[in-house]
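Source: prediction; values computed, not measured. Just the heavy atoms: all of them, side chains too, but no hydrogens, waters or symmetry mates, feed the values below. Proteins get letters first, then strands, A, B, ... in listed order; numbering begins at 1 in each.
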Amino acid sequence: METYTMSNFNNEELEKRFQEKIDKEIKIEPNDWMPDAYRKNLIRQISQHAHSEVVGMLPEGNWITRAPNLRRKAVLLAKVQDEAGHGLYLYSACETLGADREQTIDDMHDGKAKYSSIFNYPAVTWADMGAIGWLVDGAAIMNQVALCRTSYGPYARAMVKICKEESFHQRQGFEILTTLCKGTEQQKAMAQDALNRFWWPSLMMFGPSDSDSPHSAQSIKWKIKRFTNDELRQQFVDAAAPQADILGLTIPDANLKWNEARQHYDFSEINWDEFWQVLEGNGPCNKERIAARKAAKENGQWVREAATTYAEKRALRKTA
Amino acid sequence: MSKEWPLWEVFIRSKQGLNHKHVGSLRAADAKMAIENARDVYTRRSEGISIWVVESNSVHANDPADADAYFEPSDTKIYRHPTFYDVPDGVKHM
C-alpha cells in the first residue's frame with residue numbers, strides 16, 4: 001500500500017512514541033512505524049498461529065468420513081472448514097506486516113517455522129474428536145480470547161472474528177463426550193482414554209514455562225501477549241477441571257486438586273522433555289503432518305496454474 | 001474540456017484498532033487529491049484518523065439480483081452457531 005508520510009523523526013524518538021502508544025492501549029496499525037523486532041516477533045507468532053490452524057485440520061479431517069452419523073459429519077466438516085478460514089485470516093494479518101505468505105508456508109515445510117505441538121499427536125478414536133473440541137479448542141480459545149486485546153490491530157481484529165466463530169467448536173466436542181459418557185461402559189472408557197491421551201498435550205499448548213519462554217517478557221511489554229504462558233495454563237486448568245467432573249471423567253493427574261488458599265487448582269509438573277521432543281520434530285506425527293501439508297501444496301499446484309490461465313484467458317476475451 | 005476525473009471510494013478508520021469503513025465516494029484527479037478531498041469532506045468533525053481511497057472501477061461485486069440464492073447455503077447450517085448445542089447444567093466457561 002502506498003502512503004504519504006508527513007513526519008521524519010529519528011529512531012530513538014520513534015521508539016519512545018511507539019511504546020507510549022502501547023502503554024496507552026492505542027493499537028498499532030500496518031502503516032504505523034514499529035520497531036523491526038516488534039514486526040519480526042509478530043510475523044513469527046502470527047504465522048505460527050496460521051500454520052497451527054491449517055495443520056490442525058489434519059487430525060479432524062481424518063474423521064470426517066467416519067463420523068458416526070450425518071449430523072456429526074456435518075458439524076465436523078463445518079468445524080474443519082472454519083479452521084481453514086482462520087488460517088486465511090491469520091496469513092492475511094501476517095501479510096499486512098510485509099511477510100510473504102508462500103514464504104511463511106515454505107518455512108513451515110522446511111522446519112524453520114513451528115506450529116502448535118498438539119497436532120503432532122494422532123486422533124485414533126472417535127472420542128478424540130470430543131477431546132480435541134473440548135480441550136484443544138478450549139485451550140486455543142483461552143489463548144485467543146486474551147489475544148483479542150493484542151496491540152497489533154489486524155491481529156486483534158482477526159482474533160475477535162475467530163473467537164466468535166470458534167465458540168461452537170468447544171461445545172460440539174463437549175457434546176460428543178457428554179453423549180459417550182452417557183453411553184455404554186465401552187463408550188465411556190473410550191472417552192476416558194481420549195482424555196488420558198489429550199490432557200497433558202493440551203496443557204503443553206500454552207508453551208514453555210515462563211522461566212523458559214525466551215520471547216515472553218518483550219511480548220508482554222509490547223502487549224503482543226496479554227498474559228504469560230503459565231497464567232493462561234492455570235486459567236485453562238481452572239476451567240477444565242470442573243467440566244471433567246460433570247462428564248464423570250478423571251483427569252490423569254493424581255496431584256490435581258483445588259487449592260483454597262490460592263483459589264486455583266494445583267497440578268503436577270508437565271513432562272517438559274516430551275514437550276521439547278515434540279517441538280524438535282520427534283512427536284508421533286510430526287513427519288506425517290509435514291508430509292501431508294507438502295503433498296497438499298504440490299498436488300494443488302496444477303489447480304492454481306489452471307485458475308491463473310483461465311483468468312488470463314477471460315481477461316483477454318474481455319479486451320478482444 | 002478534459003476528461004472527467006475518476007470516481008474514488010473512501011474508507012475511514014475512526015480510531016486506532018478499528019477497521020476502515022466505507023463512508024462514500026468522491027471524484028479526484030489522482031489518489032493524493034482523493035485523500036485530501038476525503039479529509040476535507042468526510043473528516044470535518046474528527047470522524048477519522050486514517051483514510052483509504054480505492055478507484056471505484058477497481059471494486060468488483062456479486063450480482064445483487066442473485067443475492068438470495070447466492071447466500072442461501074449458509075441459512076440451513078444452524079450447527080455453525082453455538083446455540084445449536086446442548087451444554088449440561090452447571091458447565092461454566094464454555
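Proximity to chain B is limited to the side chain of A:K21, based on heavy atoms less than 4.5 angstrom apart. Both the backbone and the side chain of A:E29 come within less than 4.5 Å of a heavy atom in chain B. For A:T178, the part lying near chain B is the side chain, with the backbone staying farther off; criterion is any non-hydrogen pair under 4.5 Å. Using a 4.5 Å cut-off between heavy atoms, B:S50 does not touch chain A at all. Only the side chain of A:D32 has a heavy atom closer than 4.5 Å to any heavy atom of chain B. There is no contact between A:E25 and chain B, counting heavy-atom distances below 4.5 Å. Both the backbone and the side chain of B:N19 come within contact range of chain A, with heavy atoms under 4.5 Å apart. Neither the backbone nor the side chain of A:A156 comes within contact range of chain B; no heavy atom of the residue lies under 4.5 Å from a heavy atom of that chain. Contact of A:R171 with chain B is made through backbone and side chain together, with heavy-atom distances under 4.5 Å. With a 4.5 angstrom heavy-atom cutoff, B:V87 touches chain A only via side-chain atoms.
The 12-atom threshold is exceeded at CZ of B:F71, counting heavy atoms of other residues, nucleotides or ligands nearer than 6.0 Å. No more than 12 heavy-atom neighbours from other residues, nucleotides or ligands sit within 6.0 angstrom of CG on B:D86. Within 6.0 Å of the CZ atom in A:R314, the count of heavy atoms belonging to other residues, nucleotides or ligands does not exceed 12. Surrounding CG of B:D68 are at most 12 heavy atoms belonging to other residues, nucleotides or ligands under 6.0 Å away.
Counting heavy atoms from C-beta outward, A:Q243 and B:H93 have side chains that approach closer than 4.5 Å. Put simply, the side chain of A:F168 does not reach to within 4.5 Å of the side chain of B:F84, judged on heavy atoms.
The distance from atom OH of B:Y79 to atom CG of A:L77, rounded to the nearest 0.5 Å, is 7.0 Å. A:K24 contributes atom NZ, which lies 11.0 Å from atom CD of B:Q16 (distance to the nearest 0.5 angstrom). Of the inter-residue distances, the one linking A:D238 atom CG with B:K92 atom NZ reads 11.5 Å to the nearest 0.5 angstrom. Rounding to the nearest 0.5 Å places NE2 of B:H81 at 9.5 Å from NZ of A:K164.
Of all non-hydrogen atoms in B:G17 and A:R157, the two that sit nearest each other are O-NH1, 2.9 Å. Counting all heavy atoms, side chain and backbone alike, B:R13 lies closest to A:P30 at NH2-CD, 4.2 Å.
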